[in-house]
Every structure is written in C-alpha cells, then in structure tokens.
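The shown structure was predicted, so the numbers you read here are calculated from the model rather than taken from an experiment. A, B, ... follow the sequence lines: proteins, then strands. Residue 1 opens every chain.
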Protein chains: 2
Amino acid sequence: MTETAVESAAQSKSQQAYAAVKARIIEGTYTPGYRLVLAKIAEDLGFSVVPVREAIRRLEAEGLVKFERNVGATVSGIDPTEYLYTMQTLSIVEGAATALSAPLIDSVAIARARAVNEEMRECLEHFDPVRFTALNQDFHSVLFEHCPNPHILDLVHRGWNRLASLRSSTFRFVPGRAQESVREHEALLQLIEGAADAETIEKAARQHRAATLDAYLAQAKQ
Amino acid sequence: MTETAVESAAQSKSQQAYAAVKARIIEGTYTPGYRLVLAKIAEDLGFSVVPVREAIRRLEAEGLVKFERNVGATVSGIDPTEYLYTMQTLSIVEGAATALSAPLIDSVAIARARAVNEEMRECLEHFDPVRFTALNQDFHSVLFEHCPNPHILDLVHRGWNRLASLRSSTFRFVPGRAQESVREHEALLQLIEGAADAETIEKAARQHRAATLDAYLAQAKQ
DNA sequence: GTAATAGTTATCGTATACGATTTCGTACTT
DNA sequence: AAGTACGAAATCGTATACGATAACTATTAC
C-alpha cells in the first residue's frame, strides 16, 4: 500500500500523476462527473501535460475516468447500470479469489480477519460508512494475502477502485445490509477454518457480494 | 469487430497506433520478447513518438506489453506461470459469461454456433491450428453476443488477447485436446438448448477452459 | 585473459509549441 | 422571443526538441 520515499522519488512523473489523480478520485476530491482538464492538473502538479495525459489514459483503462476525443476527461459516473456491472463482476472475481486463497489461509490470518470484522461490528454503532468500507476491504485483503493468481486479485482491486469513486453516493449503505455483511464474514471464516470445499466457499463469497447488489436493487425498485 | 472507414478516419493517432501494434502482436509479427522501440514504431506509422507511447501504455494495461522505465517496451512473454494465471482467469470469466448469456441465446444463434463447431471439426482433419483458434473464438463469441454484462465480456476479450500473443508457442495444441474441445462445445450447446440451470452451464463452460490448461500441465510435467 | 572503468550511443521521459477541434457566448435573423 | 450563424476562448492532439538514463563498447589495469 504505502511506498518508500526512495521508490516514489524514482517514479516517473506519469506514474506520480497517475497516483495523484487516482488518490483524488478515490478519496472523493474529484467526484463523478468532475471535469479533468489536463492543463489544470499539470499545473497543479508542476508537470507538463504529456505525463498527465498518460496518467489519465491509464485511469481510463481501469474504468475510473472517461476520456472523449477532443472533449476531455471526466471522472466516470455513478450510472446504476455501471454499478450493476461492477458488482456482478466483483461477485464473480471475489468468489474465485476467495476459493483459490482459502486453502492457503493459516489460523493467524483467520484471527486477524476476525479482528478486523470485530472492528466492523463496532463501526456499525457510531455509523461510519467510510471506515466501514475501508475495513471491509481490509478484511477481504487478509483473505487474499496468499491468493495464488495475481491476475484475479488485480481484477478485484480494479472493482474496488471503481466502487471507491461512488463514495457517499446513493449506492452505498442499504439499511441493514451492513449488519448482514458482518455476519456473512463470520460465516465465511468458519467455512475456511472448516476447510470446506472450494465450491462451497466460492458460492458463499460470491453470494456475499451479490447480496449487497440485491439489497440495492430491491431498494431502487421502491 | 470491423470498423467503418469513416470511424477509423476519425480515430486519433494514438488509437491507430494502439490498433496497429496490437494487431502486429496478435498476428504474430511482433513475437513475445520483441523489443518495441518507440521511435522505430513511430517512424513506421509516420507518427511522432507521443501517440505511440500512449498506445504502448494502453497495451501495457492490457498485459500485452511490458514497459520498463528508461529501458523500453517488449511484447510480454510466454512464461508458463503467466499462461496458468491467464487460463485460470479465463476459465472463471468465460464460465460466468456463458452462464449469464445462456438464457438469452435463441435457436438461431445455437444453429450458428453449431455450424462454427462443425467447421472446427473439419479443421481438425487438415490440422490448421491458427484457423482452429479463430473459429473457437467465433464459437464462444456467438454465445456471448447478448452477454448482459459488458465488463465480463471485456475481461474475456483481454484474456483472449493475451493468449493470442502466445500463438504457435509450446502452449498450444496438446494432442487430442482439440477433439475433446469440439465435443465439449456440442455438450455445452445441448445444455443451453435444454435450458439447464446457470450453475450447471457455468461449471461446464469453466471446465471446458480448465481442461485445456490441465492438458497442458499434464504434458508439461512429463 | 579477465575485470573494472570510462566514454559513446541508443533510447526513454518530459517540456514546449502550435495546429485542430469543440464549446460557449453574442449578435443577428425570422 | 426563439432559433441560427458566426466568432472567440478553451481545450485537446501531436510534433519537435532536448535533457536524463541505461545499454553497449572499447580501453586499461591487473
């Protein structure tokens, strides 16, 4: 997650720009629809436009920004359809990542995951959605620590990044879903501890994500 | 797949460069390990280096190219580990794409898919691996025509592109696997026709890809 | 003969500059 | 008053130029 000063000093400007803009999107400084003017960003960072352009293009490839020819870049949106696509895809890749990782998770990691989940439970009381989401990613990150397939893990992270740009939007926090989520985490841990077969674990992990989508859809229908 | 002349005329040079280099990788002109010198490609295409750079970066994001700072870009490799990752990921996303698409496939599409599969069967007799692979993609493309989730479809295509760069490498064509593959296609069509449940279809489609990987692994072990 | 080093070349990374395209505002017409 | 046409400003897209970095080569010391 964090990088050493040495590494970041050796980074190219295009990478720095990428990281900077991405961070601003994820932390919510640049909200969906925000117009990313190349010259402006370049000036902010003290770079020229060329590396910024490259950074934007990379973010586009990850789905975080939309870049139209001769028009410009905007932080990509909170379109419900896009949300559905992203959640559905996440459900699949998280399911796979969990099932692949499960046999490699040791009891120490389980304990850490459980501790994180406990924090999440506490988090519910003073209603802190931002922290809850962060902890949720931590929880799953612990499970994915030894994921044997980095490609799949990368897809998970891309999905998370997309969702991050929806921060504090209407999509988040369907009432009651957070509580359920914490319970499902515990159930998942028990499956992993009990060395359940891959299919069962995959199904549970997939369902865990899908349930959040379903909760949103049910609410949206009203 | 194909674009109109008008569209391609309106394309930016960076997009043209992207398409051109990608095509050369996929058709095998640039083989894995090939050194992509920006200035050279730019000269070939009659562009300057800036749009070429952008194109290379995009290809990097898709995993087709490796781009090292101050060193340069190379067509990314045929590392067996990478092959495993890609095939495993494809197995998952193709499985999901097939299951999601299945309810939306009509009898006309089934017939078309069957025709393609028949061509594949014929293809086996005069041993044409390149054409066989192309037809295989056609077969699955027919099934994915009405895939309700474009994100997942995109992941499938990315996987295919990565595999394309392995053309005529040691990974392809494990003896006997092609025949099996044609049989599995027919079995898959029958499941879809019979409106089998999503889980069954997903499992079959996933297994279809996984079997090719297994065949390779079994051969590699010897 | 080999290893270390200095110098050369090739290539990358970024800044600057300018033409191309879009967008927005204003004036004019109906 | 609404719509259209024109022009100005903003922004993008690409070319060119040059400094920075790494790879290569030749030379020298041992």
Side-chain angles (χ1 to χ4, degrees), chain A residues 3-22 24-25 30-62 64-77, chain B residues 3-22 24-25 29-77:
Chain A
E3 295 155 347
T4 67
V6 178
E7 272 175 353
S8 69
Q11 269 185 339
S12 67
K13 295 197 176 181
S14 79
Q15 281 177 317
Q16 287 180 49
Y18 165 78
V21 176
K22 182 174 175 177
R24 280 170 174 70
I25 293 174
Y30 297 157
T31 52
Y34 186 94
R35 181 85 188 280
L36 297 165
V37 178
L38 297 180
K40 213 167 177 178
I41 296 173
E43 203 189 339
D44 277 6
L45 298 172
F47 302 160
S48 86
V49 291
V50 178
V52 173
R53 223 184 124 76
E54 219 168 75
I56 299 288
R57 271 272 143 82
R58 189 166 157 197
L59 291 165
E60 185 196 20
E62 291 180 15
L64 264 67
V65 298
K66 208 176 72 171
F67 200 1
E68 259 178 304
R69 175 172 160 82
N70 281 325
V71 175
T74 52
V75 176
S76 55
Chain B
E3 294 155 348
T4 66
V6 179
E7 271 176 353
S8 70
Q11 270 185 340
S12 68
K13 295 199 176 182
S14 78
Q15 281 176 317
Q16 287 179 49
Y18 165 78
V21 176
K22 183 173 174 177
R24 281 170 174 69
I25 293 174
T29 308
Y30 297 158
T31 53
Y34 186 95
R35 181 87 186 279
L36 296 167
V37 178
L38 297 181
K40 213 167 178 179
I41 295 173
E43 204 190 339
D44 277 6
L45 297 172
F47 302 160
S48 86
V49 293
V50 177
V52 173
R53 223 184 125 76
E54 220 168 74
I56 298 288
R57 270 273 144 81
R58 190 165 157 200
L59 290 166
E60 185 195 19
E62 292 180 14
L64 265 67
V65 166
K66 209 178 75 176
F67 200 0
E68 258 178 305
R69 177 172 159 80
N70 281 325
V71 174
T74 52
V75 177
S76 55

- [ ] Using heavy atoms to find the nearest nucleotide of DNA chain C for A:V71 and A:K13 separately, return the residue whose nucleotide is more 5′.
- [x] A:K13
Open item on the list: Run the side chain to side chain donor-acceptor pair (under 3.5 Å) test against A:E54 and tell me which residues pass, sequence neighbours left out.
Closed with: A:S14, B:R53, B:R57
Task: Nucleotides bounding contact with chain A, strand DNA chain C, heavy-atom threshold 4.0 Å - done: C:dT14 to C:dT23
Open item on the list: Rounded to whole Å, how long is the line connecting atom CG of B:N70 with atom P of D:dA23?
Closed with: 9 Å
Task: Candidate pair B:V75 and B:L64, rule side chain to side chain contact (heavy atoms under 4.5 Å, CB included), full reasoning - done: CA-CA 6 Å; B:V75 177; B:L64 265 67; over 6 Å; no
Task: Interatomic distance, A:L38 atom CG to A:F47 atom CZ [nearest 0.5 angstrom] - done: 14.0 Å
TODO: In sequence, state the C-alpha distance, the side-chain angles, and the governing distance for B:I41 and B:I56, and then conclude on side chain to side chain contact (heavy atoms under 4.5 Å, CB included).
DONE: CA-CA 10 Å; B:I41 295 173; B:I56 298 288; 4.2 Å; yes
Open item on the list: Let me spell it out: for each of B:G46 and B:R35, pick the nucleotide of DNA chain D with the closest heavy atom. Which residue's pick is nearer the 5' end?
Closed with: B:G46
Open item on the list: Show me the pairs that pass salt bridge (charged side-chain N to carboxylate O under 4.0 Å, His left out) and involve residues 31-52 of chain B, at least two apart or across chains.
Closed with: none
Task: Residue-level proximity of residues 47-65 of chain B to DNA chain D when a heavy atom falls under 4.0 Å - done: B:F47, B:S48, B:V50, B:P51
Task: Those residues that, when tested against A:K22, pass side chain to side chain donor-acceptor pair (under 3.5 Å) (two or more places apart) - done: A:Y18
Task: Working for side chain to side chain contact (heavy atoms under 4.5 Å, CB included), residues A:V65 and A:T74 - done: CA-CA 6 Å; A:V65 298; A:T74 52; over 6 Å; no
Open item on the list: Holding to side chain to side chain donor-acceptor pair (under 3.5 Å), I want the full list of residues that pass it with B:T29, two or more places apart in sequence or in another chain.
Closed with: B:E27
